[in-house]
Amino acid sequence: MINQNENDSQSEVEEQERKNIKEFGSVQTKNPRGNIHCLNIIGQVEGHQILPPQNKTTKYEHILPQLVAVEEDAEIDGLLVLLNTVGGDVEAGLAIAEMIAGMKKPTVSLVLGGGHSIGVPLAVAADYSFIAPTATMTVHPLRMSGVVIGVMQTFQYFQRMQERIVEFVVKNSEISNHEFKKLMLATDEIANDVGSILFAQKAVDCGLINSLGGLSDALEKMYELIEEARKCSTQ
């Protein structure tokens, strides 16, 4: 009877893990060096409006409670964020980025494929950021869809929202305000558009991302941060 109960309990845990991967794109790993919660931010970040069903989306109402749970769970030592996003809702993306930046537990981000638009603040929000050698990041001015009222107040709102993004990125990375705005407003990088496409090494060279690397590099850095956190907690 005891063995049967243990088997049933293990099956429930495995089923919950499969559900988390399918529904929320998250998984938790455990080993003696530390327990890591892995969170995926992929496709388009969905905010207050529901996107068409054919769009691959990351729903911010799924992400925010997960971040709270990770921060409060004593069994989780750190958060690994995997990014492959085209961007999306600005306020939803900033909300997620602020949550990650405000966590006390170690956080590491890894850009795979792309970390475009609002994916830039999401990437730099972690304590340490990596970008895969084949990945790219697109930096461009704020966009807005839907009805736009052609008055000065609309332009001022755009400016203030743009400054929120710039200030967050500069605060959480090594890039300067001047350099980031220069990349954002470049006119010779993207055809028929304004902004810059940063290939992996360039993203590191300009100070936007900490290091070039892959999954093993991100995990190793995570374990280093976990070990440092453990030493600080015992002092």
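Only this structure's heavy atoms are used, side chains among them; waters, hydrogens and symmetry mates stay out.
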message = Holding to side-chain hydrogen bond (donor to acceptor under 3.5 Å, both in side chains), I want the full list of residues that pass it with R33, two or more places apart in sequence or in another chain.
response =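 By the side-chain hydrogen bond (donor to acceptor under 3.5 Å, both in side chains) rule, R33 matches E220.
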
Supply the atom-to-atom distance [X] [atom1] to [Y] [atom2], rounded to the nearest 0.5 angstrom.
X    : Y    : atom1 : atom2 : result
L112 : T85  : CG    : OG1   : 12.0 Å
T187 : D193 : OG1   : CG    : 11.0 Å
I175 : D205 : CD1   : CG    : 11.0 Å
K59  : Q44  : NZ    : CD    : 11.0 Å
N172 : L208 : CG    : CG    : 11.0 Å
I209 : L198 : CD1   : CG    : 9.0 Å

query = When you measure from the side chain of D73 to the backbone N and O of E75, does any donor-acceptor pair fall under 3.5 Å?
reply =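 Judged by distance alone, yes, a pair lies under 3.5 Å.
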
ask   = Any donor-acceptor pair under 3.5 Å linking the side chain of T58 with the backbone of I42?
value =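 Present.
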
Where [X] and [Y] come nearest, the two heavy atoms and their spacing:
X    : Y    : value
Y223 : G34  : CE2-O, 3.9 Å
A126 : S109 : CB-N, 3.6 Å
A200 : A132 : CB-O, 3.2 Å
A229 : P106 : CB-CG, 4.1 Å
P121 : I118 : CD-O, 3.1 Å
G213 : P133 : O-CD, 4.1 Å

Side-chain heavy-atom pair [X], [Y] within 4.5 angstrom cut-off:
X    : Y    : value
L82  : I41  : no
V81  : L83  : yes
L110 : I131 : no
P141 : Q162 : yes
I36  : D77  : no

query = Pick from L79, L225, D217, I226: which one makes a side-chain contact (heavy atoms from CB on, under 4.5 Å) with V108?
reply =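 Testing V108 for a side-chain contact (heavy atoms from CB on, under 4.5 Å) against L79, L225, D217, I226 leaves exactly one candidate, L225.
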
inquiry  = Here's a test for you: under side-chain contact (heavy atoms from CB on, under 4.5 Å), which of K104, H37, Q66, M99 qualifies with E71?
reply    =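 When K104, H37, Q66, M99 are each tested with E71, the side-chain contact (heavy atoms from CB on, under 4.5 Å) holds only for K104.
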
In the single-linkage hydrophobic clustering (I, L, V, M, F, W, Y; side-chain heavy atoms under 4.5 Å), do [X] and [Y] co-cluster?
X    : Y    : result
M222 : V27  : no
L67  : I76  : yes
F158 : I165 : yes
L142 : V169 : yes
L51  : L122 : no

request  = May I have the step-by-step check of side-chain contact (heavy atoms from CB on, under 4.5 Å) for V111 and F130, ending in yes or no?
outcome  = CA-CA 6 Å; V111 179; F130 286 92; over 6 Å; no

Linked hydrophobic residues, V151 as query - side chain contacts closer than 4.5 Å =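 Cluster partners of V151: I149.
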
task = Please go through F199's hydrophobic cluster and name the other residues, only I, L, V, M, F, W, Y counting, with side-chain heavy atoms under 4.5 Å joining them.
result =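 Hydrophobic cluster check, F199: joined to I190, I197.
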
query = Could you walk me through whether L80 and L219 pass the side-chain contact (heavy atoms from CB on, under 4.5 Å) check?
reply = CA-CA 8 Å; L80 174 64; L219 288 172; 3.9 Å; yes

inquiry  = Determine whether C38 and T29 satisfy the following criterion, side-chain contact (heavy atoms from CB on, under 4.5 Å), listing intermediate values before the conclusion.
reply    = CA-CA 8 Å; C38 178; T29 64; 5.8 Å; no

ask   = Between I96 and L64, does a side-chain contact (heavy atoms from CB on, under 4.5 Å) hold up when you go through it step by step?
value = CA-CA 6 Å; I96 298 172; L64 300 185; 4.0 Å; yes

Sequence neighbours excluded - side chain to side chain donor-acceptor pair (under 3.5 Å) pairs with any residue from residues 114-137 =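 For residues 114-137: T107-D127, H116-T138, S117-H140, Y128-S211, S129-N210.
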
query = Restricting to pairs with a member in residues 174-186, which pass side chain to side chain donor-acceptor pair (under 3.5 Å), not counting sequence neighbours?
reply =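 Qualifying pairs: E163-K181.
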
request  = Just grab all the salt bridge (Lys or Arg N to Asp or Glu O under 4.0 Å) pairs involving residues 105-121, residues at least two apart or on different chains.
outcome  =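 Those involving residues 105-121 do not exist here.
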
ask   = In terms of side-chain geometry, is the basic nitrogen of E189 or K202 positioned less than 4.0 Å from the acidic oxygen of its partner?
value =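 Yes, this pair counts.
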
inquiry  = By the definition side-chain hydrogen bond (donor to acceptor under 3.5 Å, both in side chains), identify the one residue from E46, E91, H48 that meets it with Y60.
reply    =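 When E46, E91, H48 are each tested with Y60, the side-chain hydrogen bond (donor to acceptor under 3.5 Å, both in side chains) holds only for H48.
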
